[in-house]
Amino acid sequence: MSATGGRRVETYDDFVEVHGLLLTSSGLPSSLHRKLFEKLTTETFDGGAHFQVEPCEDGRQRRLLLTSNSMPKDSDVFLVDHAWTFRLSDAYKQLQEVPGLAQRMASLMCVDIDLPDAEEVDEHGVHEENGSKLKVMDVIENEIRNAQEKGSDTVKWLELEELDIDDDMLLSLDLCSKVPDLVALSLLGNKLKNADVVVQEVSKFKNLKALWLNDNPVLKNCDDHLADAIFKECPRLEIFNSHFTHNYSLWALGFCGGAYDNDNPDFIHDNEHPLQRVTSLDLSNRCICSLINKAFSPVELPFLSHLNIRGNPLEENTVAELFEVLNGFPSLQSLEVDIPGPLGESAIDILESLPKLSILNGVSASKILETEVHVIDSVLQPRLLEWTAEESLADRVINAMWLYVMTYRLADEEKLDETSVWYVMDELGSALRHSDMPNFRVAPFLFMPEGKLDTAVSYSILWPVQDVQYGEECTRDFLFGIGEVKQRSARLTAFFHTPKNYFIKEYEKLCLKLRSKSLTCLPAKSPSTRSLRRGDGHALRVYTDIPQVEEYLTRPEFVITNEPKDADIIWTSMQVDDEVKKVTGITEQQYINQFPFEACIVMKHHLADTIQKAHGSPDWLQPTYNLETHLSPLIGDYHVRERDGLNHLWILKPWNMARTIDTTVTHNLSAIIRLMETGPKICQKYIEHPALFQGRKFDLRFIVLVRSIDPLELFLADTFWVRLANNPYTLDEHSLFEYETHFTVMNYRGRLNHKNTPEFVREFEQEHQVKWLDIHQRIKNMIQSVFEAAAIVHPTMHSPTSRAMYGIDIMLDGSFQPKLLEVTYCPDCTRACKYDTEAIIGGGEVVKGVDFFNYVFGCLFLDETAHVSPL
């Protein structure tokens with residue numbers, strides 16, 4: 001959000017003059033500008049007279065309803081206050097320290113309520129508070145009596161849920177002797193742990209078609225062998241833990257269609273068609289792999305008009321097969337399916353292949369075709385926070401806030417704020433839920449009554465973009481202006497449960513692509529560089545705009561000049577392109593401290609792309625995703641790690657910002673996606689178990705001198721820098737907000753603790769019982785691979801008059817294997833070299849900044865190799 005200032009706002013004309021850019025960027029119709037001015041200057045918050053907030057989703061969300069008779073499009077504008085404004089690094093601290101903040105945010109985000117304990121009374125009047133055997137027996141006896149009253153001599157459906165049944169009790173109950181003909185048995189929410197006991201007792205029911213063991217410890221304590229053993233002993237089982245088995249047939253479909261329940265547990269005659277009257281069938285989230293099944297057919301379901309198949313992989317069916325099956329149902333008019341998903345990525349393609357459909361995902365087919373909406377997400381299930389009773393309100397809010405926060409970045413004529421501002425709208429604004437076709441729009445607005453940024457007050461403004469009638473829900477588009485080109489469907493995962501299987505497949509496709517990569521070896525070539533020493537003994541003229549070079553370059557072979565056109569060597573912090581050359585008079589004969597297209601290694605997203613194109617997924621590069629292009633496989637990777645119980649802590653880094661600006665560590669998938677809003681980023685798997693030095697994180701800055709790309713001619717400076725975190729390392733969730741725990745660059749924030757290199761190496765070897773020279777060789781091999789990748793993937797990077805230095809930032813993992821963090825370009829590492837350090841590989845003597853620059857220039861331009869090692 002940018003603004004100009006300096007003029008006090010007293011009239012409407014003043015308001016427009018000061019806020020003109022803000023008004024334009026907000027999108028507010030000009031017809032509402034004067035009304036906004038009036039409400040801002042009088043601080044009029046009149047939304048309560050037109051709207052009502054009410055709970056929904058069992059109290060886990062709120063929604064906003066219109067209470068006025070009607071509200072025409074663009075007829076009014078409302079001020080929405082900001083209940084909480086913060087910088088991300090301060091969020092947790094504020095929740096802990098600001099009185100009442102955590103309580104208000106928890107209430108606003110609906111995380112201040114704990115789910116009820118299982119102390120309620122079930123339909124038989126049985127209290128479930130102690131789960132004693134006596135109470136369980138009461139339930140069974142009640143079911144037997146109910147069956148007898150209905151004229152049946154046997155119980156076929158038994159629900160023993162949340163009764164504290166453990167393994168011993170299950171054995172002692174001897175259920176099969178009491179209810180031998182069970183068709184459906186639910187033991188949901190009990191304390192069963194032993195898989196052998198469960199299999200032994202369940203396998204006695206040979207007619208069992210449905211079994212629920214959800215929320216029992218036994219599912220966490222064993223792998224797939226429990227399910228395999230149960231399927232083997234219960235061959236008629238069609239539903240297991242709410243999922244369909246491969247044996248699913250009429251019974252499972254009838255259960256989902258409402259044909260079978262406690263009152264009607266099974267069909268009586270083999271020749272009857274129990275699904276004849278089913279018109280609506282909800283098969284969502286049943287883990288169905290194939291729809292091609294003799295029970296799922298127009299013969300059995302002749303009147304099926306509504307079908308929900310969301311959340312199923314359907315991986316055994318092709319798109320063509322699915323369309324053929326669905327087209328066979330003569331009455332099918334409404335379909336719910338994941339998009340993207342098993343029927344493809346386009347709603348329009350689905351409607352063209354299923355022309356009888358009138359509704360797709362709750363939206364009329366005509367509306368989709370008219371507006372060319374390719375992806376329909378309007379009925380996705382909201383992503384609601386799960387928590388335990390022990391979690392503090394601050395922890396709950398930190399995890400839930402990504403469903404509510406919005407962001408902007410301040411700017412004026414002089415500079416852009418380095419970090420973004422996040423905010424939560426008040427209760428009214430936060431009750432606006434998402435819609436693909438919203439009837440309201442929201443935009444942040446900075447009101448400057450004094451005409452200055454430092455006295456501005458932030459609001460959000462709300463206005464109708466459609467005609468709205470009494471009782472209608474008021475909605476906004478959470479991703480306004482973001483279409484499929486910007487990965488809209490994937491980004492909705494921040495707010496909704498989107499189809500995991502689709503994203504996992506995208507991840508698997510990327511893995512397959514990366515595994516196919518192999519680097520072609522560079523052909524051996526003789527070095528092509530030459531010394532620039534002048535035969536007449538005159539010094540080489542150097543133009544530089546970097547103070548450290550001007551101060552520290554003292555060798556007699558070089559002399560500083562103030563005119564770029566007169567220099568033999570240009571050592572600059574600016575990007576030298578054709579336009580700069582034209583303006584400054586720089587020629588093709590002058591040497592420059594940068595290579596063409598060096599962005600392929602110094603910008604983080606290009607660096608990952610360069611390495612992946614050459615090497616695939618080398619061990620020394622953490623899994624890395626450019627969020628602007630590869631969000632879908634990242635989401636798939638996240639889901640796979642979550643499914644497999646692996647660590648899923650990630651670090652997000654801006655493409656091209658230094659000093660860890662806008663860098664975040666998080667395990668929250670919604671946070672990862674929402675953080676895209678503060679600028680383009682890469683998302684990289686966090687090194688959760690790094691090698692530590694005296695309990696703290698550290699990284700290493702190496703300097704690489706590049707004399708040629710073709711042939712590749714590299715030298716590694718013997719001097720390297722150790723950068724230490726200030727706090728002991730921990731993976732405690734609260735520590736993720738502590739800069740001095742998880743980051744090592746303390747030049748700009750925190751206390752700078754410098755460690756002499758020889759002392760670090762000596763103490764590190766002693767602490768970990770390793771040989772540093774072995775680690776150093778692995779680091780050299782990795783650096784060689786990085787520049788080999790650049791040379792092969794981007795041969796245009798070569799220039800005969802380019803010679804440069806690059807900083808390579810490296811971290812060691814717990815096995816002392818190097819991990820590449822980033823490559824920094826010449827000006828950044830030039831400034832970093834001003835700190836005194838010591839050479840360790842080159843002999844151990846003190847190397848001051850002035851000496852280091854002289855070594856660098858000697859290697860690059862005089863072809864000297866003192867204090868550098870060839871790679």
For this session: Report yes or no: is the cationic atom of Arg383 (NZ for Lys, CZ for Arg) under 6.0 Å from the centre of the six-membered ring of Phe496, at an angle within 45° of the ring normal?
Result: no

Exercise. Hey, do the aromatic rings of His82 and Tyr459 have their centres closer than 6.0 Å?
Worked result: no

For this session: Decide, yes or no, whether a salt bridge links Lys39 with Asp46 under the criterion of side-chain N to carboxylate O below 4.0 Å.
Result: yes

Problem set entry | Value rounded to 0.5 Å, distance of CD1 in Ile350 from OG in Ser353 | 8.0 Å

For this session: Nearest 0.5 Å please: distance from the CZ atom of Phe503 over to the NE2 atom of His639.
Result: 6.5 Å

Problem set entry | Check: Leu281 and Ile309 side chains under 4.5 Å, non-hydrogen atoms | no

Problem set entry | Pair Arg62 + Glu57, salt bridge at N-O below 4.0 Å | no

For this session: May I ask you to check whether Trp402 and Phe478 place their ring centres under 6.0 Å from each other?
Result: no

Problem set entry | Flag for Trp655-Glu628: side-chain donor and acceptor within less than 3.5 Å | no

Problem set entry | Separation of Glu161 CD from Leu188 CG (nearest 0.5 Å) | 5.0 Å

For this session: For Val397 and Leu101, run side chain to side chain contact (heavy atoms under 4.5 Å, CB included): C-alpha distance rounded to whole Å, both residues' side-chain angles, the deciding distance at 0.1 Å, then the answer.
Result: CA-CA 10 Å; Val397 170; Leu101 178 62; over 6 Å; no

Exercise. Can you tell me if OH on Tyr12 sees more than 12 non-hydrogen neighbours from other groups inside 6.0 Å?
Worked result: yes

Exercise. Do Trp650 side-chain atoms and His648 backbone N/O form a donor-acceptor pair below 3.5 Å?
Worked result: yes

Exercise. Is a donor on one side and an acceptor on the other found under 3.5 Å between the side chain of Arg441 and the backbone of Ser26?
Worked result: yes

For this session: For atom CD of Gln103, decide whether the heavy atoms of other residues, nucleotides or ligands shown that lie under 6.0 angstrom number more than 12.
Result: yes

Exercise. Got a donor-acceptor contact below 3.5 angstrom from the Asp338 side chain to the Pro340 backbone?
Worked result: no

Exercise. How about Phe45: does its CZ atom have over 12 heavy atoms from other parts shown lying under 6.0 Å from it?
Worked result: yes

Problem set entry | Pair Glu391 + Arg396: basic N to acidic O under 4.0 Å | no

For this session: Go through the steps to decide whether Leu88 and Met401 satisfy the test side chain to side chain contact (heavy atoms under 4.5 Å, CB included), and finish with yes or no.
Result: CA-CA 11 Å; Leu88 191 56; Met401 69 183 189; 3.9 Å; yes

Exercise. Just checking, any donor-acceptor pair under 3.5 angstrom between side chains of Ser305 and Thr279?
Worked result: no

Exercise. Atom CG of Leu403 and atom CG of Asn668: how far apart are they, to the nearest 0.5 Å?
Worked result: 8.0 Å

Exercise. Going by atom types only, do Thr42 and Thr44 share a side-chain donor-acceptor pair under 3.5 Å?
Worked result: yes

For this session: Could you tell me whether Asp454 atom CG has more than 12 heavy atoms of other residues or ligands within 6.0 Å of it?
Result: yes

Exercise. Taking side chain as C-beta onward, heavy atoms only, is Arg8 less than 4.5 Å from Asp14?
Worked result: no

Seminar exercise, completed: Distance col, row Leu36:CG vs Ser30:OG, nearest 0.5 angstrom, shows 12.5 Å

Problem set entry | Ser334 and His306: side chain donor to acceptor below 3.5 Å | yes

For this session: Would you confirm whether Asn439, through its side chain, and Cys474, through its main-chain N or O, come within 3.5 Å as a donor-acceptor pair?
Result: no

Exercise. Should Asp426 and Arg104 count as an ion pair when the cut-off is N to O under 4.0 Å?
Worked result: no

For this session: Run the salt-bridge test on Glu38 and Lys35 with the 4.0 Å N-O cut-off and return the result as yes or no.
Result: no

Exercise. Does any donor atom in the side chain of Thr475 or His434 lie under 3.5 Å from an acceptor atom in the other side chain?
Worked result: no

Exercise. Where does the angle between the aromatic ring planes of Phe37 and Phe15 fall among parallel (under 30°), tilted (30 to 60°) and perpendicular (over 60°)?
Worked result: tilted

Problem set entry | Heavy atoms of other groups near Lys93 NZ, more than 12 under 6.0 Å | no

Problem set entry | Distance-only side-chain donor-acceptor flag, Ser489 / Glu484, under 3.5 Å | yes

Problem set entry | Glu450/Lys452 salt bridge by N-O under 4.0 Å criterion | no

For this session: Kindly say whether Glu345 contributes a backbone atom to a donor-acceptor pair with the side chain of Asp349 at under 3.5 angstrom?
Result: no

Exercise. Got a second to check how far Glu427's CD is from Asp81's CG, nearest 0.5 Å?
Worked result: 9.5 Å

